[in-house]
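Everything below concerns the one structure shown next.
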Amino acid sequence: MPATELLDELRSIQALLGTGAGRPRPEAANPASFAALQHASEEEEDAPRARKSAQVQELERTVASLRHNCQARDEQRFELEAALAAARRDGEVAVGRLQGELSSKQEECGQLASMILQQQQELEALQSNLQHNAQQAEESGKATTASISQLQQAAAEWRRQGEDSLEALTAERRRSAALQQRLYQQTQALQAEVAEQRQQRQSAEAELAKLRAAMEGCAGDQASLVAELRRRLSLERSWRKAVGRWLRGEVHTRGELERVLLNVGAAVRCGPGEQPLGCPEGRSRWGQQQAAAPALPPRRMAGAQQVPDATVHVEDTPLANDGAGGVRITVRSPRAHTISVSSTVEASSGSPGHVHGGSTAKAAPNTSWRQHFQATMKAFDERNKSAEQHAARGPLRCYMMRKHGRLPARLSVLSGSQPAAKPEATAAAAMSTLTKRDLLEGVARLVPDLAPTKYKGQAGKIAVIGGSREYTGAPFFAAMAALKIGADLSHVFCTEGAATVIKGYSPELIVHPYLPDARDGGSAAELRQRAVEAIEPWLDRFDAVLVGPGLGRDPLVLDTVAEVMRAVRRRCLPMVVDADGLWLVNQHPSLVSGYPNAVLTPNKVEFQRLADKLGVAADNQSALQDICRSLDGPVIVRKGAADAVADGGCVVECDEEGSPRRAGGQGDVLSGCIATYAAWAQRAGGARKEQLHAGDSGAGGDAGLPPLMLAAYAGCLTTRRASQRAFAKQRRSMGATDLLAELGAVADELADELPSEGR
Ligand SMILES: NC(=O)C1=CN([C@@H]2O[C@H](COP(=O)(O)OP(=O)(O)OC[C@H]3O[C@@H](n4cnc5c(N)ncnc54)[C@H](OP(=O)(O)O)[C@@H]3O)[C@@H](O)[C@H]2O)[C@@H](O)CC1
Ligand SMILES: Nc1ncnc2c1ncn2[C@@H]1O[C@H](COP(=O)(O)OP(=O)(O)OP(=O)(O)O)[C@@H](O)[C@H]1O
């Protein structure tokens, strides 16, 4: 191919390959090379054809490859254009869809906008309502504040009234306790009388039997029997005469009075062949004494008034074991404060007398008749200070019993203007003369019977407030003692440090870790307040509260417990105070003073401390009663070789055999027992809750003791018996835990003391 054609061909190829108008033509893009090419083509005509043809072939190959490339590019372009067209179509579809969505969204937006508008309007309306309501609330708030302050004032007034009525109730309660006590004593006196009449009947029967035997033995000796009967009749006539003189007021001297009394006593006691002392032919020393007896001093006679309505009975009573019989005098007088009995009477009473002086006294063995008589009168005076009380109580009676019925006799009865008994007589005077049997029966009545109808709690719910980081055993012993003698539930309120330990001893105890610990953080006042608020609501659930075992002496704890004790008092719950509780009472005696529902259980050291605080000489015989009187209300149990229980009125001793082991914790067992008995006494008395024993008319009275005294006595008795049993088994190794194991058996034993008709 000629170069020109080739050139043309090249040009057409270039035109084909050109990508657009911007692409430069070869001659334009590179005029120099184009000129060179032109020049070369011109030269080609002259170059050897072979070289040209090779070049042409080369060029053709190049062109062919270029063409091939062009085709491939075209194909790519077509594909791209097709893809572009498809993409455009998809895009149009998507655009169409999006436009549709857009228009629907626009529509929704329009609706939302209208809703927002509407809600804005509503909001504005609400705001205006709110403003209106706020104004109204403000106004009513002001009104409410005013009425709250009125209510607060009314509440304060009610609280004041409540406190007043609580005080009145407490006073009333004290009065009823006193009345109850008197009632019990009168019942006791009546019971004693019945028992004595029974005894008299028995002795009469015995006498009859003796007489029958004598009659049988002396069947052939009727004459001597008649003579004996005649002799006795003459004796009776002679002392009747003497008593008649006395009744007619013809007795003016002490000696005469004694003679009457001794006549009567001797007449009824003298055996066959003996003569009454007052008989002219009397040969006993009494006759001699009578002769030597001085007249009543004029001064004394002047002060003494014969009480016109006084009656005196003289009877014998078969008190002595040998059947010799005792002497009993009953003086009945509504106005008598003291009754004078000649001192010779004391010497005359060979066997113990049995005297009723309006109280429940009986002669203790080996007590001289006169001492006992005076003691009774003194006890009577202590409890009946005014003439009204005398009148309310009824006549004071004094019998001198004889074998066959009562005979009137006469004593010198002095009016209330006589001076009171000497102070040193007080302690002895207050000594209760109840027999052990009376007390055991009273205790037996306290122990609740085991009936399937009872529900949990009826046999007592006890709280022990005590237990600290140092002492965990003491509250455990006390709370367990309560459970072991029969309480249904026993709670312990202690510090947190003690709670887990106590729980670990027994799952039967309910343990509250509410007592404060200064390590808890916060001010003392806050901690105390928090603890009291936690404990106080629980108090309503308990029948009795025991304060003190293992409490420790941390001032914060003691302050808290003082508050709790006040709360216990407000609820009139029986409150037993022991150990560190007594330490607290020593700091603040007002916590228990004037509270008759408290029992304090001091050991020797604690008693001394209390006596020192109250300014009482602890070694004085009357120290216990003096402390009772000083505290004016609580019962005190003075623990020791014998426990003495007193309330300022009388003293009962518990000398039951205990054990010679003084292992620690026995006092805690004792206080737990007393708390439980106090709960039973309170429940049985129906003072606060429903009756524990259906049909029971109150415990304590049967023994002639106030219920709380009896409860304290019962606690001592139970602990000492348990101690005795435990010692018998364990000897030297005996500890408080061993006492716990014996308590149930002892309580059973005590419950069985009551005769079946008494239950
Ligand atoms: N296992 C436990 O957790 C127990 C914890 N307990 C708890 O301990 C706390 C403090 O109580 P406490 O008994 O140690 O103090 P306190 O009564 O002041 O006696 C201290 C000292 O006084 C003396 N003394 C005592 N009696 C006497 C007497 N009749 N006649 C003569 N002296 C007599 C005697 O002194 P000594 O003769 O050894 O010098 C005695 O060592 C309290 O919270 C209590 O509940 C206890 O219950 C025990 C079981
Ligand atoms: N000498 C004694 N003989 C017989 N019993 C006694 C004697 N002294 C105390 N008891 C009895 O032991 C019990 C505990 O009395 P104690 O004087 O040991 O009390 P406490 O010191 O408060 O006891 P605790 O160790 O629990 O603190 C009481 O029942 C008490 O009657």
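We number each residue from 1, following the sequence as shown. Being a predicted model, the structure only gives us computed values, none of them experimental. Counting starts at 1 for both ligands and their atoms, in listed order.
Contact annotation: Gly658 has no heavy atom less than 4.0 Å from any atom of ligand 2. Within the structure, ligand 1 lacks Gly667 among the residues with a heavy atom less than 4.0 angstrom away. In this structure, Gln608 does not count as a contact residue of ligand 1, since none of its heavy atoms falls inside 4.0 Å of the ligand.
Ion pair Arg571/Glu536 flagged as a salt bridge, since at least one NZ, NE, NH1 or NH2 atom sits closer than 4.0 Å to an Asp/Glu carboxylate oxygen. Ion pairing between Asp578 and Lys639 holds under the 4.0 Å rule for side-chain N and carboxylate O. The pair Asp488-Lys454 does not meet the salt-bridge criterion, since no charged nitrogen lies less than 4.0 angstrom from a carboxylate oxygen. Between Arg638 and Asp643 there is no salt bridge, since no side-chain nitrogen of the basic residue lies less than 4.0 Å from a carboxylate oxygen of the acidic one.
On a distance-only criterion, Asp668 and ligand 2 share at least one N/O pair closer than 3.5 Å. In terms of N/O distances under 3.5 Å, ligand 2 is not approached by Glu606. For ligand 2, the polar-atom distance check against Arg662 finds a nitrogen or oxygen pair separated by under 3.5 Å. Distances between N or O atoms of Asp643 and those of ligand 2 include at least one value under 3.5 Å.
Residue Thr719 has at least one heavy-atom neighbour below 4.0 Å for each of these atoms of ligand 2: 29 (O).
Residue-level proximity to ligand 1 for Gln666 is absent, since no heavy atom of it falls below 4.0 angstrom. Residue Asp578 does not touch ligand 1, judged by heavy-atom distances below 4.0 Å. Contact annotation: for Glu606 versus ligand 1, heavy atoms closer than 4.0 Å belong to the side chain alone. With a 4.0 Å cut-off on non-hydrogen atoms, Ala579 touches ligand 1 through its side chain and not its backbone. Residue-level proximity to ligand 2 for Lys604 is absent, since no heavy atom of it falls below 4.0 angstrom.
Among protein heavy atoms, the minimum distance from atom 22 (O) of ligand 2 is reached at Lys639 NZ, 2.7 Å. Atom 25 (O) of ligand 2 has its closest protein heavy atom at Gly665 N, 2.9 Å. The protein non-hydrogen atom at the shortest distance from atom 1 (N) of ligand 2 is Ala641 CA, 3.5 Å.
Partner of Lys436 under the salt bridge (charged side-chain N to carboxylate O under 4.0 Å, His left out) criterion, chosen from Glu653, Glu441, Glu656: Glu656.
Counting heavy atoms only, Asn603 comes closest to atom 21 (O) of ligand 2 of the residues Leu582, Asp580, Asn603, Val605.
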